[in-house]
Amino acid sequence: QVQLVESGGGSVQTGGSLRLSCASSGFTYSRYYMGWFRQAPGKEREGIAAISPDGRTAYAASVKGRFTISRDNNKNTLSLQMSSLNPEDTAMYYCAADRPSALPVQLKLATLTWDYWGQGTQVTVSS
């Protein structure tokens, strides 16, 4: 049974930082692309960061330079370090996994057709 469990969300003030984590099980984690997506109220879900099995990364323009995605293939965990948070970052954040393919990681980030999804963790940034 595949499980993706996010943690680390919470409420912070503008300029603050948070670190999200995603614990994965039930699939061959080291072979999968992993990604972070978010969905704000009334908006579509968007990809914000992705990482390939061999560690190549891609970021949405809105978070590049502020967020860092990383993975630990020994612990089957995915992380997202978020800094310089602002109210526009308020959303439900989701971890996702997608099977290996020939697509560049940047193109992976642009799609929502990932194989597995977590339940999400809420991030709220107040001004």
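Only a predicted model underlies this, so the values are computations on that prediction, with no experimental measurement involved. For the numbers below, each heavy atom of this structure counts, side chains included, while hydrogens, waters and symmetry mates do not. Counting from 1, the numbers follow the sequence of the chain as shown.
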Legend entry - Chi angles and distances behind the side chain to side chain donor-acceptor pair (under 3.5 Å) call for Ser101, Lys108: CA-CA 9 Å; Ser101 77; Lys108 284 276 194 182; 3.1 Å; yes

To the nearest 0.5 Å, what is the distance between [atom1] ([X]) and [atom2] ([Y])?
{"X": "Ser52", "Y": "Met34", "atom1": "OG", "atom2": "CE", "result": "12.0 Å"}
{"X": "Arg45", "Y": "Met92", "atom1": "CZ", "atom2": "CE", "result": "9.0 Å"}
{"X": "Ser7", "Y": "Arg19", "atom1": "OG", "atom2": "CZ", "result": "10.5 Å"}
{"X": "Asn76", "Y": "Gln3", "atom1": "CG", "atom2": "CD", "result": "12.5 Å"}
{"X": "Arg66", "Y": "Ile48", "atom1": "CZ", "atom2": "CD1", "result": "9.0 Å"}
{"X": "Leu4", "Y": "Ser25", "atom1": "CG", "atom2": "OG", "result": "7.5 Å"}

How about [X] and [Y]: do any of their side-chain heavy atoms sit closer than 4.5 Å?
{"X": "Ser62", "Y": "Arg38", "result": "yes"}
{"X": "Thr57", "Y": "Val105", "result": "no"}
{"X": "Glu44", "Y": "Leu112", "result": "no"}
{"X": "Val125", "Y": "Glu88", "result": "no"}
{"X": "Pro87", "Y": "Thr14", "result": "yes"}
{"X": "Gln81", "Y": "Ser70", "result": "no"}
{"X": "Val123", "Y": "Leu20", "result": "yes"}

Inset, instruction - Check for a donor-acceptor pair, side chain of Tyr59 on one end and backbone N or O of Gly65 on the other, with a separation under 3.5 Å. - result: no

Inset, instruction - Kindly say whether Tyr29 contributes a backbone atom to a donor-acceptor pair with the side chain of Arg71 at under 3.5 angstrom? - result: yes

Inset, instruction - Report the relative orientation of the aromatic rings in Trp117 and Tyr94; use parallel for angles under 30°, tilted for 30 to 60°, perpendicular for over 60°. - result: perpendicular

Inset, instruction - For the residue pair Tyr32 and Tyr116, categorise the inter-ring angle as parallel (less than 30°), tilted (30 to 60°) or perpendicular (more than 60°). - result: parallel

Please give me the minimum heavy-atom distance between [X] and [Y], naming the atom from each residue.
{"X": "Leu107", "Y": "Leu103", "result": "CD1-CD2, 3.9 Å"}
{"X": "Gly47", "Y": "Ala60", "result": "O-CB, 3.5 Å"}
{"X": "Ser79", "Y": "Ser21", "result": "OG-OG, 4.1 Å"}
{"X": "Leu85", "Y": "Leu18", "result": "CD1-N, 3.9 Å"}

Legend entry - Gln122, CD atom: more than 12 neighbouring heavy atoms under 6.0 Å: yes

Inset, instruction - For Gln39, look at atom CD and say whether over 12 heavy atoms of other residues, nucleotides or ligands are found less than 6.0 Å away. - result: yes

Inset, instruction - Consider only side-chain heavy atoms of I, L, V, M, F, W and Y, link residues closer than 4.5 Å, and tell whether Leu78 and Trp114 are in one cluster. - result: no

Legend entry - side-chain contact (heavy atoms from CB on, under 4.5 Å) evaluation trace for Leu80 with Glu6: CA-CA 10 Å; Leu80 184 69; Glu6 302 95 336; over 6 Å; no

Inset, instruction - Walk me through it: do Phe67 and Trp36 pass the test ring pair (Phe, Tyr, Trp, His ring centres under 6.0 Å)? - result: CA-CA 11 Å; Phe67 291 11; Trp36 287 100; 9.9 Å; no

